[in-house]
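Heads up: the structure comes next, in structure tokens.
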Amino acid sequence: MFADRAKIYIRSGKGGDGHVSFRREKYVPNGGPDGGDGGNGGSVIFEIDEGLNTLTDFRHIRKYCAQDGEQGGKRNCRGKNGEDIIIKVPEGTVIKELESGKIIADMSGENRRQTILSGGKGGNGNQHYATSTMQAPKYAQPGQPSKELNLFLELKVIADVGLVGFPNVGKSTFLSRVTNARPKIANYHFTTLNPNLGVVDLDDGGGFVIADIPGLIEGASEGVGLGHEFLRHIERTKVLIHLVDAASTEGRDPIADIYAINKELEAYNAEIAHRPQVIAANKIDAIYAGSEENPVDRI
Ligand SMILES: Nc1nc2c(ncn2[C@@H]2O[C@H](COP(=O)(O)OP(=O)(O)OP(=O)(O)O)[C@@H](O)[C@H]2O)c(=O)[nH]1
Ligand SMILES: [Mg+2]
């Protein structure tokens with residue numbers, strides 16, 4: 001199952017408490033303080049994993065806690081540090097605070113790894129508090145508390161080119177012809193229910209990514225159909241390929257379709273509407289299908 005949103009809870013490790021103890025050795029009746037320091041709590045770290053492309057895992061596991069630091073011990077023994085927890089996410093994951101919606105991190109581009117909550121520092125053992133006037137301190141510092149956060153993760157696919165258009169105009173077919181992707185193609189609306197990504201390999205070794213999203217319909221920007229859910233996946237594309245059914249196989253007017261889709265894009269995010277857009281007239285083979293007329297004669 002594809003998921004591009006998830007709510008999770010994260011908690012960093014508490015710092016271990018410092019220890020209070022005194023040296024006890026044969027022939028040393030009143031040894032000095034030897035309470036060790038507590039270990040540091042583990043941090044919660046997010047990291048991009050190139051092999052991932054959905055947030056599905058976060059639907060199953062919603063709680064992510066780093067380990068607490070251990071308490072300090074006798075004989076100046078330092079407590080063990082708690083282990084960090086590393087949460088792997090697909091590139092393009094935006095991390096927001098659940099309640100406020102404030103963006104905490106955007107896992108994309110240069111930002112491959114980010115600590116979201118750092119672990120509590122371990123407390124000092126009582127050995128640190130000995131002074132000339134207080135040689136037997138019975139105080140040790142407690143470890144810093146853990147921190148917690150409820151997060152909202154949102155995946156905004158990172159693609160260079162976005163495919164937009166009404167349902168059934170042939171977006172997935174186009175993706176399947178120019179990239180390695182093998183999306184589902186069928187002659188009905190909303191065949192594509194989740195974004196598909198495909199890579200175009202160029203001769204010079206480079207390449208770029210095309211995202212195919214579910215078809216848009218009038219009112220998509222207000223939540224009609226599936227479109228709105230997925231418009232954010234084209235927010236980061238550099239160019240849009242706007243496919244139209246030039247043969248009007250479903251009786252719609254391709255020119256009116258262009259305006260209708262652009263109106264939805266504009267309503268969703270004016271910046272997207274002004275991005276470079278290539279209008280691709282698809283299904284041109286069907287324009288003259290069945291007609292005796294040679295299309296070239298009409299030009
Ligand atoms: N005649 C003709 N049919 C095409 C062409 N491109 C796609 N089709 C057909 O159009 C139908 C829809 O194609 P899809 O690629 O699934 O369309 P889509 O835009 O991805 O549709 P949704 O995912 O529902 O939005 C399929 O039956 C395709 O075989 C074309 O160039 N010519
Ligand atoms: Mg499709």
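No hydrogens, no waters, no symmetry mates; every other heavy atom, side chains included, goes into these values. Both counts, for ligands and for their atoms, begin at 1 and track the order of listing.
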Item to check | Whether F174 lies under 4.0 Å from ligand 1, heavy atom | outcome: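 So F174 does not count as touching ligand 1.
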Checklist entry - So is A186 close enough to ligand 1, meaning a heavy atom under 4.0 angstrom away? => result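 It does; at least one heavy atom falls under 4.0 Å.
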Checklist entry - Do any N/O/S atoms of S172 come under 2.8 Å of the Mg ion (ligand 2)? => result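 Yes, since at least one N, O or S atom of S172 sits under 2.8 Å from the Mg ion (ligand 2).
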Checklist entry - Has T192 got an N, O or S atom lying less than 2.8 Å from the Mg ion (ligand 2)? => result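 Of the N, O and S atoms in T192, at least one lies under 2.8 Å from the Mg ion (ligand 2), which means yes.
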Say whether [X], considering both its backbone and side-chain N or O atoms, lies within less than 3.5 Å of an N or O atom on ligand 1.
X: T192; value: yes
X: D212; value: no
X: A286; value: no
X: V169; value: yes

For [X], take its heavy atoms, then give the atoms of ligand 1 lying under 4.0 Å from any of them.
X: S172; answer: 15 (O), 18 (P), 20 (O)
X: G215; answer: 25 (O)
X: N187; answer: 27 (O)
X: F190; answer: 24 (O)
X: D285; answer: 1 (N), 2 (C), 30 (C), 31 (O), 32 (N)
X: Y188; answer: 24 (O)
X: H189; answer: 24 (O)

Next on the checklist: Between N262 and Q277, do the side chains contain a donor N or O and an acceptor N or O under 3.5 Å apart?
Outcome noted: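 Yes.
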Next on the checklist: Any donor-acceptor pair under 3.5 Å linking the side-chain atoms of N187 with those of N168?
Outcome noted: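 A pair is found: one side chain offers a donor N or O, the other an acceptor, under 3.5 Å apart.
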Next on the checklist: Within a 6.0 Å radius of atom NZ on K156, are there more than 12 heavy atoms belonging to other residues, nucleotides or ligands?
Outcome noted: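 It does: K156 NZ has more than 12 such atoms within range.
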Checklist entry - Considering residues, nucleotides and ligands other than K96, do more than 12 of their heavy atoms fall under 6.0 Å from its NZ? => result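 Check passes, neighbour count above 12.
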Next on the checklist: Which residue and atom name correspond to the protein heavy atom nearest atom 17 (O) of ligand 1, and how close is it?
Outcome noted: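 The closest heavy atom on the protein side is G170 N, 3.1 Å.
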Checklist entry - Applying a 4.0 Å heavy-atom criterion (strictly less than), which segment of N168 is in contact with ligand 1: side chain, backbone, both, or neither? => result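 Both the backbone and the side chain of N168 come within reach of ligand 1.
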Next on the checklist: So that I can tick it off, tell me whether D212 and K171 are bridged by a salt bridge, with the cut-off set at under 4.0 angstrom between side-chain N and carboxylate O.
Outcome noted: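 No, no charged N to carboxylate O under 4.0 Å.
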Checklist entry - Does a side-chain N-to-carboxylate-O contact under 4.0 Å join R112 and E50? => result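 Answer for the salt bridge query: yes.
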Item to check | D4 CG to R232 CZ distance, which is reported to the nearest 0.5 Å | outcome: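 Separation between the atoms: 4.0 Å.
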Checklist entry - Any donor and acceptor pair, going by atom type alone, linking the side chain of N81 with main-chain N or O of N40 inside 3.5 Å? => result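 It does hold such a pair.
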Item to check | Heavy-atom side-chain proximity of F166 to R252 below 4.5 angstrom | outcome: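 The answer is yes; the side chains approach within 4.5 Å.
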Next on the checklist: Heavy atom to atom 13 (O) of ligand 1, shortest distance: which of N196, T173, I213 holds it?
Outcome noted: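 Among N196, T173, I213, the closest heavy atom to atom 13 (O) of ligand 1 belongs to T173.
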